[in-house]
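Computed from a predicted model, the values in this text were never measured in an experiment. Positions are given from 1, in the same order as the sequence printed here. Atoms within a ligand are numbered from 1 in the order they appear, just like the ligands themselves.
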Amino acid sequence: MSVGIGIIGLPKSGRTTVFNALTGGKADTGSYNPEAAHIGIAKIADPRLYTLSDIFKPRKTTPAEVKYIDIGASLKSLTEGSSISGEYLSQLSNTDALMNVARAFGDESVPHTEGSIDAERDIAAIDMEIAFSDLAIIERRLQRIEMQLKGAKADERQQFQHEQALLARIKEGLEKDKPIRQMELTAEESKAITGYCFLSAKPLLTLVNIGEEQIAEAAQIEHRLAQHFSGSGRGLLALCGKLEMELSQLDAATAAECRSDFGITESGLDRVKKMSFDLLGLINFFTTGEDEVKAWPITDGTEALKAAGKIHSDIERGFIRAEVIGYDDFIKCGSTAEGRKHGLLRLEGKQYRVQDGDIINFLFNV
Ligand SMILES: Nc1nc2c(ncn2[C@@H]2O[C@H](COP(=O)(O)OP(=O)(O)OP(=O)(O)O)[C@@H](O)[C@H]2O)c(=O)[nH]1
Ligand SMILES: [Mg+2]
């Protein structure tokens with residue numbers, strides 16, 4: 001199952017436009033349909049994958065994928081609770097990260113609910129909505145614990161009191177504008193709250209949606225806002241959603257030409273995907289062969305046995321060893337056989353911590 005990123009933001013900030021650009025989707029912009037969230041897949045362009053593909057010339061080349069969900073409804077309306085909100089909120093809760101699209105583009109034909117354009121104000125407003133959503137969950141839970149404590153036995157009591165104290169501490173932090181991702185929780189505490197799927201615990205990418213006429217200032221806008229809205233588990237970048245959506249519908253060569261006309265050197269979408277990937281703490285390992293060259297996204301720190309399980313449960317079950325060569329070593333040697341000769345192809349065990357760019361052949365027996 002691929003990791004998921006939930007797109008949030010104020011109405012008319014360009015969420016669906018950005019969603020279309022990222023996923024090559026063709027969902028209607030300029031109107032929002034409360035009956036259906038848009039779900040799409042973005043392919044993560046890792047240049048190393050294509051280099052490997054040039055070498056192996058496989059029948060199939062498969063990049064890592066990230067799922068994006070454009071909920072449409074506002075977070076505020078979800079927290080306040082209407083009939084459809086439960087389902088949307090749970091879809092959002094089940095994502096691995098959030099992306100807030102904040103409007104910076106000016107366009108008279110698209111009125112802003114606040115009457116003016118102010119990205120900084122809107123980013124802060126969404127931060128607040130995220131905190132409110134978590135506070136609402138905590139409030140409800142604390143009330144329940146209060147009730148449960150009344151009839152609890154001694155051993156249960158202690159457990160409830162533990163949870164009560166932890167939630168009270170988190171609540172206090174949230175009220176002081178500190179999102180959960182920035183709180184210093186122990187591994188045990190983090191584990192204790194995973195079931196709540198708190199939104200402010202998720203990594204957050206803020207995407208500042210600028211207009212075409214602001215492209216020349218993109219780096220400055222980004223720099224200014226990133227000073228306030230980046231940090232651990234949090235990233236910010238500026239791009240023109242409308243232009244990126246249009247470019248995403250062209251073939252690669254024409255898109256690159258248009259990009260250079262605007263003085264843009266790098267695909268804004270690739271930057272978004274790369275930053276999402278990094279914020280999620282993901283790295284790629286590769287498998288190679290005549291049939292398929294494939295990038296496998298895993299959480300940084302994953303051990304070889306679990307990485308094997310990503311490919312197939314049989315490979316995890318029957319794991320013997322992993323033959324590993326780092327991407328740079330492989331490129332230097334030009335082939336696995338040469339790598340072996342130079343002692344750069346290593347045999348690793350179950351607990352080997354897979355590194356970004358590792359090319360792995362799992363040996364297994366079932
Ligand atoms: N000028 C300009 N217009 C944009 C840009 N990005 C989006 N828009 C326009 O803004 C309007 C809203 O864009 P959407 O992508 O539908 O925004 P949304 O947040 O999904 O909006 P709702 O779901 O309807 O709340 C559309 O008419 C877009 O064409 C941009 O970078 N520049
Ligand atoms: Mg929309």
For this session: Indicate, with yes or no, if the rings of F330 and F56 have centres closer together than 6.0 Å.
Result: yes
Exercise. Less than 3.5 Å between some nitrogen or oxygen of E212 and one of ligand 1, yes or no?
Worked result: no
For this session: Consider every N or O of K12 and every N or O of ligand 1, then say whether any pair is closer than 3.5 Å.
Result: yes
For this session: Tell me, please: is G72 in heavy-atom contact with ligand 1, that is, under 4.0 Å?
Result: no
Problem set entry | V101 to ligand 1, any heavy atom closer than 4.0 Å | no
Suppose I only count heavy atoms of [X] and a 4.0 Å limit; which atoms of ligand 1 are within that range?
X	result
P11	25 (O)
T17	7 (C), 13 (O), 14 (P), 15 (O)
G14	13 (O), 14 (P), 15 (O), 17 (O), 18 (P), 19 (O)
C240	31 (O)

For this session: Quick one: do D46 and Y327 satisfy side chain to side chain donor-acceptor pair (under 3.5 Å)? Show the steps, please.
Result: CA-CA 12 Å; D46 185 329; Y327 175 82; over 6 Å; no
Taking heavy atoms and a distance under 4.0 Å, where does [X] meet ligand 1: side chain, backbone, both or neither?
X	result
T16	both
T29	both
V18	neither

Exercise. Would K274 and E266 satisfy salt bridge (charged side-chain N to carboxylate O under 4.0 Å, His left out), going step by step from the backbone distance to the final call?
Worked result: CA-CA 12 Å; K274 173 82 174 43; E266 196 186 357; over 6 Å; no
For this session: Give a yes or no answer on whether the side chain of T186 reaches the backbone of E189 with a donor-acceptor pair at less than 3.5 Å.
Result: yes
Exercise. Are any side-chain N or O atoms of D96 and backbone N or O atoms of V3, one a donor and one an acceptor, separated by less than 3.5 Å?
Worked result: no
Exercise. With a cut-off of 2.8 Å, does any N, O or S atom of T17 fall short of it relative to the Mg ion (ligand 2)?
Worked result: no
Exercise. Cluster partners of I117, using ILVMFWY side-chain heavy atoms under 4.5 angstrom, listed by chain and number?
Worked result: none
For this session: Determine, using the 4.5 Å side-chain heavy-atom cutoff (strictly less than), whether L142 and I180 are members of one ILVMFWY cluster.
Result: yes
Pair up each side-chain donor or acceptor in residues 314-321 with any protein partner under 3.5 Å, not counting sequence neighbours, and list the distances.
residue : atom : partner : partner atom : Å
D314    : OD1  : R317    : NH2          : 2.6
E316    : OE2  : K306    : NZ           : 2.8

